[in-house]
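Notes follow once the structure below has been shown.
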Amino acid sequence: MAQQDRAIRTRRLILEAAAAVFDDLGYDRATIAEVLDRAGVTKGALYFHFASKEQLALAVLDEHVLDIAVKPQNIKLQEFVDAGQVLAYRLRSDPIQRGAARLAVEQGSNHLDRKQSMLSWSVFVEGLLNEAKDRGEVMESIVVRETAELFVGAFAGLQMMSQAFTNRADLSRRLTIFFEHTLPSIAVPAILAKLKLGSERGAQLDAALQGKASANAGIDAAAS
């Protein structure tokens, strides 16, 4: 069990180092040597988990969707809002999210299949919106798949604009404004009135999620 835990931690360490390198340099300029230097691991340890730079990048793109898990809410649309705000907040400093964001929208290189990231986010959002629609929170006229792709594409543009102006410091506020303008077109009025859209939610929810993760880590350590 202890050996497995170390392998999981090493893999995560390598992923975070790789994501930081991709964020700073982009995919084409990033090197395995730079990842090794930042992670402080041996070449053998890295290649045990990842066979190439491409595999590293694809793993970062996969991981950033898995990392966004918010507390279940009675209103499913609130979970949708909360997931967006947690992502917006983490894009300020979280290496996985920042590295994945650059990989997903970076232009130029044809050596990496980036569409999987957008597809993963679209499926994630579509799932939340489908549940919300099943609960009667979303207007019947809404085409969920098209709406999910609209939100994913719009968020990508918002984070790029925020990155250019403030290094994403104002992304949470930009997302709140976006929600204020778009949610009235998809949510039933009774649900819309109950939604909490404040830009401070990302920081608050992330703190709660990190606290829960730390507590679980302590329990796992005691058990091992």
Hey, any chance Val35 and Leu58 share a hydrophobic cluster, counting ILVMFWY side chains that come within less than 4.5 Å of each other, even indirectly?
yes

Straight-line distance of Ser162 OG to Leu91 CG, nearest 0.5 Å
8.5 Å

Whether Arg145 side chain and Glu126 backbone form a donor-acceptor pair below 3.5 Å
no

Would you sort out whether Phe124 and Val152 count as a side-chain contact (heavy atoms from CB on, under 4.5 Å), showing the intermediate values?
CA-CA 10 Å; Phe124 175 78; Val152 171; over 6 Å; no

Report yes or no: do Leu25 and Leu46 belong to one cluster of Ile/Leu/Val/Met/Phe/Trp/Tyr joined by side chain heavy-atom distances under 4.5 Å?
yes

Examine distances only and state if a side-chain atom of Lys53 and a backbone atom of Ala30 form a donor-acceptor pair shorter than 3.5 Å.
yes

Does Leu15 form a side-chain contact (heavy atoms from CB on, under 4.5 Å) with Phe50? I'd like the steps, not just the answer.
CA-CA 9 Å; Leu15 270 184; Phe50 306 101; 3.8 Å; yes

To the nearest 0.5 Å, how far apart are CG in Leu128 and CG in Leu77?
9.0 Å

Measure the shortest side-chain to side-chain distance between Leu158 and Met161 over non-hydrogen atoms and say whether it is less than 4.5 angstrom.
no

Short N-O contact, Lys71 and Asp82, less than 4.0 angstrom:
no

When rounded to the nearest 0.5 angstrom, what is the spacing between OH in Tyr89 and CZ in Arg201?
14.5 Å

State, with a plain yes or no, whether a side-chain heavy atom of Pro184 is found less than 4.5 Å away from one of Leu192.
yes

What is the minimum heavy-atom distance between Val60 and Ala100, and which atoms define it?
CG1-N, 3.8 Å

Take the angle between the ring planes of His64 and Trp121 and call it parallel below 30°, perpendicular above 60°, tilted in between.
perpendicular

At their closest point, which heavy atom of Pro95 faces which heavy atom of Ala19, and how far apart are they?
O-CB, 3.1 Å

Please report the interatomic distance CD(Gln97) to CD(Gln159), rounded to the nearest 0.5 Å.
10.5 Å

Whether Glu63 and Arg12 form a salt bridge (side-chain N of Lys/Arg under 4.0 Å from carboxylate O of Asp/Glu) is what I want to check.
yes

Nearest 0.5 Å, what's the NZ-CD distance between Lys194 and Gln73?
13.0 Å

Sequence neighbours left out, what pairs pass side chain to side chain donor-acceptor pair (under 3.5 Å) with at least one residue falling in residues 172-190?
Gln85-Thr176, Asp170-Arg174

When Leu183, Ile75, Val138, Ile186 are each screened for side chain to side chain contact (heavy atoms under 4.5 Å, CB included) with Ile191, the one that passes is Ile75

Closest heavy-atom pair and its distance - Ala45, Thr10:
CB-CG2, 4.5 Å

Going hydrophobic residue to hydrophobic residue with side-chain gaps under 4.5 angstrom, can you get from Leu103 over to Val123?
no

Value rounded to 0.5 Å, distance of OG in Ser199 from CD in Gln204
9.5 Å

Show your reasoning for whether side-chain contact (heavy atoms from CB on, under 4.5 Å) applies to Leu87 and Leu171.
CA-CA 10 Å; Leu87 176 57; Leu171 180 54; over 6 Å; no

Any non-hydrogen side-chain atom of Phe151 less than 4.5 Å from a side-chain atom of Phe178?
yes

Asp134, CG atom: more than 12 neighbouring heavy atoms under 6.0 Å:
yes

For Phe179 and Phe80: C-alpha separation, side-chain torsions, deciding distance, then whether ring-ring contact (aromatic ring centres under 6.0 Å, His included) applies.
CA-CA 10 Å; Phe179 281 143; Phe80 166 61; 5.7 Å; yes

For Ala156 versus Met118, what's the shortest heavy-atom pair and its separation?
CB-CE, 4.0 Å

Any side-chain heavy atom of Arg98 within less than 4.5 Å of one from Asn167?
yes

For side-chain contact (heavy atoms from CB on, under 4.5 Å), just list the numbers for Gln78 and Leu197, CA-CA rounded to whole Å, side-chain angles, deciding distance to a tenth of an Å, and then say yes or no.
CA-CA 8 Å; Gln78 186 66 63; Leu197 307 180; 5.7 Å; no

Does the pair Glu16 and Arg38 meet the rule for a salt bridge (Lys or Arg N to Asp or Glu O under 4.0 Å), with working shown?
CA-CA 9 Å; Glu16 290 183 353; Arg38 296 204 193 190; over 6 Å; no

With a 4.5 Å cut-off on side-chain heavy-atom distances among I, L, V, M, F, W and Y, is there a chain of contacts connecting Ile14 to Tyr27?
yes

Would you say that Lys133 contacts Glu140 through its side chain, given a criterion of any heavy-atom pair below 4.5 Å between the two side chains?
yes

Leu175 reachable from Phe165 in the ILVMFWY side-chain graph, under 4.5 Å edges:
no

Strictly below 4.0 Å, N to O, side chains only: are Lys76 and Glu137 in salt-bridge contact?
no

Using a distance-only test with no angle check, is there a side-chain donor-acceptor pair under 3.5 angstrom linking Asn130 and Arg135?
no

Mind listing the closest non-hydrogen atom pair of Ala18 and Leu56 along with its distance?
CB-CD2, 3.8 Å

